Amino acid sequence: MTASLFDEVPPMPGRREELCEGAVILRGYALADEALILAAVRDIAANAPFRHLITPGGFRMSVAMTNCGTLGWVSDRSGYRYDAIDPDSGRPWPPMPGVFRQLAQKAATEARFPGFEPDVCLVNRYEPGARLTLHQDRNERGVAAPIVSVSLGLPAVFLFGGLRRSDKTQRMQLTHGDVAVWGGPARMRYHGIAPLKAGYHPSTGANRLNLTFRRAA
Ligand code: SIN
Ligand code: FE2
């Protein structure tokens, strides 16, 4: 797809875009908390630095990751898992800041998933070219709970597929402050992020940040 209206017209904050039953993008929903979120990400990264995990197949992930919460998502040669301990430091992950939990709960409720109690926030940092191939979030015991995903900084193309990997994908632009929520009948849909286009954002510089809230235990 070439640069087009798709890249040039930012979605209107406050807009609610349903992707399918159980999945919605809340445009600009995190904007009011931007400063607190960015400060919290800096604190988290000071204690549990971003790292490029190795997949079970032996590849280095292009997205740099860290976590906060009682559990964190990790990957290594032995597989994907949730772990209460950061394997790099041997210490628990930093606690989930109140502003994170409240934002995730509010967004889930707005998307008609009240009572969301996330125990994991995976923090993803994308540099130009970084991508996340189509996958399902399925290491969580709590699949009754939705996924709440907050985007900050450079825009990205969100690939939102079906329940089978081969299903057709929708391509949606996720921009600074957008919150995507998928749960219920959409909880196991395949999704991913297309390679990030280079650019500059006043809040995050040359990167995109994503916070993904889950109920893992
Ligand atoms: C994820 O699927 O874990 C992250 C999606 C995103 O970066 O928006
Ligand atoms: Fe995911």
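What you see is a predicted model, and the numbers here were worked out from it, not measured in a lab. Each ligand, and each atom within it, is numbered from 1 in the order the structure gives. Quick note: residue numbers are just sequence positions, from 1.
- Ring-plane geometry between F213 and F100 is classed as perpendicular, the angle between the planes exceeding 60 degrees on a 0 to 90 degree scale with a lower cut at 30.
- Within H135, the N, O or S atom lying nearest to the Fe ion (ligand 2) carries the name NE2.
- For ligand 1, the polar-atom distance check finds no N/O of W182 at less than 3.5 Å from any of the ligand's N/O atoms.
- Salt bridge present: R51 and D86 bring a charged side-chain N and a carboxylate O closer than 4.0 Å.
- For atom 8 (O) of ligand 1, the closest heavy atom belonging to the protein is R208 NH2, 2.9 Å.
- Relative to the ring axis of Y190, R165 does not place its NZ or CZ within 45° and under 6.0 Å from the centre.
- When you scan the N, O or S atoms of D137 for the one nearest the Fe ion (ligand 2), you land on OD1.
- Ligand 1 has no N or O atom lying under 3.5 Å from any N or O atom of S151, backbone or side chain.
- Among all non-hydrogen protein atoms, the one lying nearest atom 7 (O) of ligand 1 is Y126 OH, 2.5 Å.
- Of the protein's non-hydrogen atoms, the one nearest atom 3 (O) of ligand 1 is R214 NH2, 3.2 Å.
- Distances between N or O atoms of H135 and those of ligand 1 include at least one value under 3.5 Å.
- Summary of contacts: the protein heavy atom closest to atom 1 (C) of ligand 1 is L132 CD2, 3.5 Å.
- For an aromatic pair to be called close, the ring centres must be under 6.0 Å apart, and F113 with W182 fails this.
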